[in-house]
**Student:** 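One structure, as C-alpha cells, below. Some questions next.
Predicted model only: the values in this text are computed from it and were never measured.
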Amino acid sequence: MHEPEKTRAAVGRYRVLAWVTGVMLLVLCVEIVLKYVVQVGPDVLAWIGWIPQAHGFVYIVYLVTVLDLWSKMRWGFGRLTVMVLGGVVPVMSFVVERRVHADAQARLGAAPGQLPLTS
C-alpha cells in the first residue's frame, strides 16, 4: 500500500458498491420469486423486466471496485474469491463488506468507524 489516500478511496467505493450490489441482488431475488413462483402476469413482468439487467450492470461495476481494492490491499486470491461471490450470493455482500472494511481499517491504521475517503 504505497498510497494510503487512494486505498482509502478504494475502500469507500467498494463499500458503496457492496451495498448497492447487495440491495440489487435482493431485488433480483424478489423478481425471480414473482416471475417463477408466483407467476405474475405480463403486466407485472413488464414493470420488473429491467431488474436482471440492472443487477448485471451493477455487478460489473462492483467487480471493478473489488479488483481495485484487492490489488491495492495486496490480499490473497481467497479474499478475492469471497469478495467476488459477495455479489452473487444473497446477503453475502453485506457480511463481506463489514469484514473487508474492518480489515482495511486495521491495515490502514484508522480508528474504528473512522475511515475517511480522503486524508
**Student:** Do Leu25 and Ser93 touch side chain to side chain, with heavy atoms closer than 4.5 Å?
**Tutor:**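 With C-beta onward as the side chain, the pair stays apart.
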**Student:** So, taking the atom named CZ in Arg8 and the one named CD in Glu5, what distance separates them when rounded to the nearest 0.5 Å?
**Tutor:**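 Interatomic distance, Arg8 CZ to Glu5 CD, rounded to 0.5 Å: 7.0 Å.
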**Student:** Given the rule in the side chain to side chain contact (heavy atoms under 4.5 Å, CB included) test, do Trp47 and Val40 qualify, once you have shown the distances and angles that lead to the verdict?
**Tutor:** CA-CA 11 Å; Trp47 284 95; Val40 294; over 6 Å; no
**Student:** With hydrophobic residues grouped by side-chain heavy-atom distances under 4.5 Å, do Leu45 and Leu28 end up in a single group?
**Tutor:**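 Yes, one cluster joins them.
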**Student:** Taking the side chain as everything from C-beta on, heavy atoms only, tell me whether Met92 gets closer than 4.5 Å to Val82.
**Tutor:**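 Heavy-atom side-chain distance check passes, below 4.5 Å.
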**Student:** Linking I/L/V/M/F/W/Y whenever their side-chain heavy atoms sit closer than 4.5 Å, directly or via other members, would Val88 and Phe57 fall into one cluster?
**Tutor:**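 Same hydrophobic cluster.
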**Student:** Do Leu85 and Met73 sit in the same hydrophobic cluster, where Ile, Leu, Val, Met, Phe, Trp and Tyr count as joined when their side-chain heavy atoms come under 4.5 Å apart?
**Tutor:**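 In one cluster with Leu85: Met73, yes.
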**Student:** Can you tell whether the side chains of Arg107 and Asp103 come within less than 4.0 Å, N to carboxylate O?
**Tutor:**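 No, this pair does not count.
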**Student:** Val64, Val66: one ILVMFWY side-chain cluster at the under-4.5 Å cut-off?
**Tutor:**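 No.
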**Student:** State the CD1-NZ distance between Ile51 and Lys35, to the nearest 0.5 angstrom.
**Tutor:**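 The NZ atom of Lys35 is 10.5 Å from CD1 of Ile51, to the nearest 0.5 Å.
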**Student:** First locate atom CD1 of Ile48, then atom CG of Leu34, and finally report the distance between them rounded to the nearest 0.5 Å.
**Tutor:**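 Output value for this atom pair is 5.0 Å.
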**Student:** Out of Phe77, Tyr14, Trp75, which one pairs with Trp70 under the ring pair (Phe, Tyr, Trp, His ring centres under 6.0 Å) rule?
**Tutor:**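 Per the ring pair (Phe, Tyr, Trp, His ring centres under 6.0 Å) rule, the option paired with Trp70 is Phe77, out of Phe77, Tyr14, Trp75.
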**Student:** Would you say the side-chain atoms of Thr65 pair up with the backbone N or O of Tyr62, donor to acceptor, closer than 3.5 Å?
**Tutor:**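 Confirmed, Thr65 side chain pairs with Tyr62 backbone.
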**Student:** Enter the distance from Leu63:CG to Leu17:CG here, rounded to the nearest 0.5 Å.
**Tutor:**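 CG of Leu17 is found 9.5 Å from CG of Leu63.
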**Student:** Are Val27 and His55 side-chain neighbours, meaning at least one heavy-atom pair lies under 4.5 Å?
**Tutor:**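 Not in contact.
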**Student:** Out of curiosity, does Leu67 fall in the hydrophobic cluster containing Ile60 (side-chain heavy atoms, cut-off under 4.5 Å, transitive links)?
**Tutor:**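 No, because Ile60 and Leu67 fall into different hydrophobic clusters, even though each may have its own neighbours under 4.5 Å.
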**Student:** Just how far is it from atom CG of Leu69 to atom CZ of Arg74, taken to the nearest 0.5 Å?
**Tutor:**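 Between atom CG of Leu69 and atom CZ of Arg74 there are 13.0 Å.
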**Student:** Taking all heavy atoms of Gly87 and all of Thr21, pick out the closest pair and write down the distance.
**Tutor:**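 That closest heavy-atom pairing would be CA-CG2, 3.7 Å.
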**Student:** CD of Glu31 to CE of Met24: how many Å apart, nearest 0.5 Å?
**Tutor:**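 Taking CD in Glu31 and CE in Met24, the distance rounds to 9.5 Å.
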